[in-house]
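Heavy-atom basis, side chains included; hydrogens, waters and symmetry copies ignored. Proteins come first, then strands; the chains are lettered A, B, ... in the order of their sequence lines, and each starts at number 1.
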Amino acid sequence: MHIDYQNDLNPAQYEAATTLDGPILVIAGAGSGKTRTIVYRLARLVESGVSPAEILLLTFTRKASSEMLHRAEGLLGHQGLGNVRGGTFHGFAYSLLKQHAGLLGFERGATVMDRSDGEEILSQAKDRLKIGKGDRKFPKRATVLGLYSKSRNKELTLEQVLRQEAYHLGPYEDDLTRLLEEYERIKRECGLLDYDDLLFLLERLLTEHPHVREAVTSSISHIMVDEYQDTNLVQARLVRLLTKPGDTSPNVMAVGDDAQSIYAFRGANVRNILDFPKIFQGTRVIKLEQNYRSTQPILELTNAILDGFRDKFAKRLFSERTDSRLPEHVLPFSDRSQARLVTAKVTELSRTYPLDQIAILFRAGYQSYHVEVELNKIGLGFRKYGGIKFSDAAHIKDVLACLRLSQNTSDLPAWQRILGNVPGIGPKSAQKIHHAAMINDQAFIKAQRAKRPALDDLLRVLDTLRTQVMRPSTAITFVLEYYQPVLREKFPDDYPRREAGLEELTQISLSYDDIPSFLGDLSLDSPDAEEDRGQAVTLSTVHSAKGLEWDAVLVIDLVEDRFPSRHAMNDNDDFEEERRLLYVACTRARDSLTLFSPETLYSRELAATTPARVSPFLQDIPSHLLSRYREQFTGGVGLQTLPTPRRAPEGTSSQSSRPGPGEDFATPAPRPASSTQTPVQGTYCRHKIFGRGKVVQRVEPNKYKINFPGFGLKLIIEDFVELE
DNA sequence: CTGCCAGAGCTTTTT
DNA sequence: GCTCTGGCAG
């Protein structure tokens, strides 16, 4: 099979894909065919005789790397890229640390812990040191861990972080310092690694054990790092350490876009990408500036959003995709009515685009709440990214706790979790049992077992898991025998749903051969629960939308304090990061972009509605780049027309807002609920999205269960269907 | 010690 | 609206 690199790629892409040796920095604007370039380069490397096993591809998510490998395989027309080493920095680090755990002093095994485990350890530390007891002002566990992680990622002292980020916590500095020392101690005692440990320990492994570095680097001939703008200081040093010592011109390619750097909050440092050419002498810098994704009007808007911060690798994206439609800016009355206008807009868009090509983006997870309610009302399916992760669910964690204990007997959070399910055992007893297990105090354990038969069962299960080496799927099946009854007891109201989740966990586990890799992957890059389950709109935080694209994108809550986030208003760097975040959001759109800024917000503290101001990022935008719409009292939205240009008076932003003719916004026209004539089952009806369907059942007070061919059974509020 | 209740306080983004 | 904490009864 012959690949026509010249023809398939533009000159810049071609240069990036076919330069195989030496350091390269690719500055790839949004939608400039970055993935395509990496894919072609992978193919080229393999064609030129590089063994896939010698290629290291570090990406932001496992999904991104598997997509690239998959596409490259398609290009090459054969399998065989399965050996490419890849994944996230954290995942890669874990795979190496696992092999050399002994060198780093983890004899009892080492488990990756997630956030809630961290909080558990912190509680433990607080307890032991008696810090913050009864002090309501004492920062919460999540806050403490956040500060600590920040200090490690930015490589600043706790004092510096407190001064920058949380001045008001200054008085707690000593307490926090002691607390975190204790946290470190307990963590180590339990053989647990937090996310930051993975990176720093790998660095230690590679620097303190030259023969390990030797072995690792000699097995890697080419390194590619995607999303380089979001790497932090350790990660940049790791890239360095993964090249052969003394190699002045290593085969490293970094790909990124400084305009899309959105992870400074966790220590990402734009300097990394700016300084790459300095660290690797003779770096070839290649810029990809042609955008293949979005229409020109969308790009003009995003360029305008970018105007306003200095951009070291200055670039302006251009596109050949013309379109007369401008991005829309809609001003709903409130956040509540925003949700209705959003669903109406989605309904309208769904006539043109498939549902899975539409996304609703927001700054923070909670902001989609109203929209979720509205989508449910009209029976539209959605998938939410960036919300609760699959492996965060209590029942999943329970089962995983057993697997963790089979690998690492000292894992305190796992003990706490699984023992907490035994009736009569709470945190205190759990801790005692953990302690007894650590020093193997048979007498104590025996007494406890005699007292509680349920505990006896559990310990037998754990013993079996520890003595027999099982495949992950076998182990889960085994644990479920014990756990199923516990589950039904613990969640009497929704255990069927949770059992389905456990079934899925078993499915996922089938593709793993050993328990440590299974556990590692699950906590490092949790697979999306049920991939594409039919047609659904995507709801996502902007962060989680990174690297993805849709035909139509809606961004909500573009008002001060929400987007930009209230926390970013004091610090200029934070503020600029919010701007880049909006840039990332808008550049996800191929054809259609709609921005929403509600005029009022419901404030929980005040239990009242307060006025909101349009996001500063949109106030600077020249008005000819956007169509502005306001919600109308009479329903729907009206185009806001500008006064004839005669020098608009300064300060008065009173652009005449004429109601205008009702725009086609498909506002669902609520009909008076007429429950008088209950329709017979079997009647046909119409729905704006699902089309014609058959009424299966009336669900009081105001819904129908309807079967739509191709969509299945839906529960829909009567106002949204027209009976025939 | 555990498990339940009520009241207070607060909300970013993720590996 | 949701989570965390402290107080209290069993």
* Asked: How long is the line joining CG of Leu361(A) and P of dT13(B), in whole Å?
  -> 14 Å
Could I get a table of every N or O pair under 3.5 Å where one atom is in the protein and the other is in nucleotides 2-6 of chain B?
{"residue": "dT2(B)", "atom": "OP1", "partner": "Gly426(A)", "partner atom": "N", "Å": "2.7"}
{"residue": "dT2(B)", "atom": "OP1", "partner": "Gly426(A)", "partner atom": "O", "Å": "3.3"}
{"residue": "dT2(B)", "atom": "OP1", "partner": "Ser429(A)", "partner atom": "N", "Å": "3.0"}
{"residue": "dT2(B)", "atom": "OP1", "partner": "Ser429(A)", "partner atom": "OG", "Å": "2.6"}
{"residue": "dT2(B)", "atom": "OP2", "partner": "Lys428(A)", "partner atom": "N", "Å": "3.3"}
{"residue": "dT2(B)", "atom": "O5'", "partner": "Gly426(A)", "partner atom": "N", "Å": "3.3"}

* Asked: Between Phe444(A) and Lys432(A), is there a cation-pi geometry (under 6.0 Å to ring centre, at most 45° from the normal)?
  -> no
* By nearest nucleotide on DNA chain B, pick out whichever of His567(A) and Asn153(A) is the more 5' one. => His567(A)
* d(CD, Glu165(A); P, dT12(B)) in whole Å -> 13 Å
* Structure fact -> Tyr369(A) atom OH is separated from dT3(C) atom P, nearest whole Å, by 12 Å
* Structure fact -> Side-chain atoms of Glu578(A) come closest, of dT12(B), dT14(B), dT15(B), to dT12(B)
* Asked: Looking for any heavy atom pair under 4.0 Å, which part of the strands does Phe89(A) touch: base, sugar-phosphate only, or nothing?
  -> nothing
* To do: Flag as yes if Tyr263(A) stacks onto the base of dT14(B) (centroids under 5.5 Å, planes under 30°), otherwise no.
  => no
* Applying salt bridge (Lys or Arg N to Asp or Glu O under 4.0 Å), which residue pairs with at least one partner in residues 412-425 of chain A are found, sequence neighbours left out? -> Asp398(A)-Arg417(A)
* To do: Check whether any side-chain N or O of Thr61(A) sits under 4.0 Å from OP1 or OP2 of dT15(B), and answer yes or no.
  => no
* Asked: From dT13(B), dT11(B), dT15(B), pick the nucleotide closest to the side chain of His90(A)?
  -> dT15(B)
* **Selection from dC1(B), dT14(B), dT13(B) that lies nearest to any side-chain heavy atom of Lys432(A)** => dC1(B)
* **Phosphate OP1/OP2 of dT15(B) contacted by Ser149(A) side-chain N/O (<4.0 Å)** => no
* Residue pairs involving residues 126-151 of chain A (criterion ring pair (Phe, Tyr, Trp, His ring centres under 6.0 Å); sequence neighbours excluded) -> Phe138(A)-Tyr172(A), Tyr148(A)-Tyr183(A)
* To do: Grab the CG-C1' distance between Leu193(A) and dT15(B) for me, whole Å please.
  => 13 Å
* To do: Measure the spacing between CG of Leu558(A) and CD of Gln619(A) and express it to the nearest 0.5 Å.
  => 11.5 Å
* Asked: Between Arg266(A) and Tyr195(A), is NZ or CZ placed under 6.0 angstrom from the six-membered ring centre and within 45° of the ring axis?
  -> no
* **Lys NZ or Arg CZ of Arg498(A) over Phe491(A) ring: under 6.0 Å, within 45°** => yes
* Out of dT11(B), dT12(B), dT14(B), which has the shortest distance to the side chain of Ser565(A)? -> dT12(B)
* Asked: Mind checking whether Phe92(A) and Tyr94(A) have ring centres under 6.0 Å apart?
  -> no
* To do: Return the value, rounded to whole Å, for the distance between atom OH of Tyr366(A) and atom P of dG1(C).
  => 15 Å
* Quickly work out the Arg566(A) CZ to dT12(B) C1' distance and round it to whole Å. => 10 Å
* Asked: Out of dC4(C), dT15(B), dT12(B), which nucleotide sits closest to the side chain of Arg141(A)?
  -> dC4(C)
* To the nearest angstrom, how far is Asp557(A) atom CG from dT12(B) atom C1'? -> 13 Å
* Before giving the answer on ring pair (Phe, Tyr, Trp, His ring centres under 6.0 Å), spell out for Phe60(A) and Tyr228(A) the whole-Å C-alpha distance, their side-chain angles and the decisive distance to 0.1 Å. => CA-CA 9 Å; Phe60(A) 210 68; Tyr228(A) 199 76; over 10 Å; no
* Starting from P on dT14(B), measure out to CG on Leu145(A) and report it in whole angstrom. => 16 Å
* Minimum-distance nucleotide (side-chain atoms of Lys126(A) versus dT15(B), dT5(C), dT14(B)) -> dT5(C)
* Spacing of the P atoms in dT13(B) and dC4(C) (rounded, Å) -> 14 Å
